[in-house]
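Heavy atoms only: backbone and side chains are in, while hydrogens, waters and symmetry mates are out. FYI, the numbering just counts along the sequence from 1. The shown structure was predicted, so the numbers you read here are calculated from the model rather than taken from an experiment.
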Amino acid sequence: MAWDYTKNIREHYNWKNGLTPAFLYQPLVDIVEDCKEIDFCSPSDEKWEFAKALLCVLDKSIKQIPDEIFRKNGFQREEILFFSTMSDGDYMEEMLDVSVKLFNTPITLEIYGVKQ
């Protein structure tokens with residue numbers, strides 16, 4: 001997750017309707033635990049497929065965030081640029097490129113000047 005540190009993030013912790021940030025995290029844990037046979041230290045087709053599976057889970061989770069959470073904090077979903085990548089290593093740039101287009105609407109991509 002990336003955050004604009006010029007703003008106070010603590011005011012955004014109050015999730016409603018029984019949702020907590022864990023609903024974004026647990027599906028990722030489940031995928032990682034099911035992929036113990038993949039060698040994560042080397043590039044491979046399996047490692048890239050794993051990365052794409054993670055992105056799909058994140059995409060589904062991001063789309064489940066109720067619009068009300070954005071509105072109550074003075075945002076519209078389209079104002080937030082969602083993306084994912086690994087901290088370093090194989091497929092960093094590929095994950096960034098795929099995720100930014102997968103997670104965001106054409107309006108958001110236009111706002112941030114992302115080529116579609």
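The heavy-atom pair separating T85 from E93 by the smallest distance is OG1-N, 4.4 Å. In terms of heavy atoms, I80 sits closest to T108 at O-CG2, 3.4 Å. Residue S84 comes nearest to L58 through the heavy atom pair OG-CD1, 3.5 Å, listed as atom of the first residue, atom of the second, then distance. The two atoms that bring K47 and D90 nearest to each other are NZ-OD2, 2.7 Å, heavy atoms only.
When the shell of 6.0 Å around CD1 of I107 is examined, it contains 12 or fewer heavy atoms from other residues, nucleotides or ligands.
A salt bridge is defined here as a Lys NZ or Arg NE, NH1 or NH2 lying under 4.0 Å from an Asp or Glu carboxylate O, and K101 with D97 fails to meet this definition.
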Test side chain to side chain contact (heavy atoms under 4.5 Å, CB included) on R77 and I65; report intermediate values, then the result.
CA-CA 9 Å; R77 182 182 298 267; I65 300 171; 4.2 Å; yes

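Listed by chain and residue number, nothing satisfies the salt bridge (Lys or Arg N to Asp or Glu O under 4.0 Å) test with D39 (two or more places apart in sequence, or in another chain).
At least one side-chain heavy atom of M95 sits under 4.5 Å from a side-chain heavy atom of L55. Residues V98 and W48 have side chains in contact (heavy-atom distance under 4.5 Å, counting atoms from C-beta outward).
In this structure, F70 and F82 have perpendicular ring planes: the angle between them is above 60°, well past the 30° mark.
Formation of a donor-acceptor pair under 3.5 Å by the Y112 side chain with backbone atoms of E79 is found in this model.
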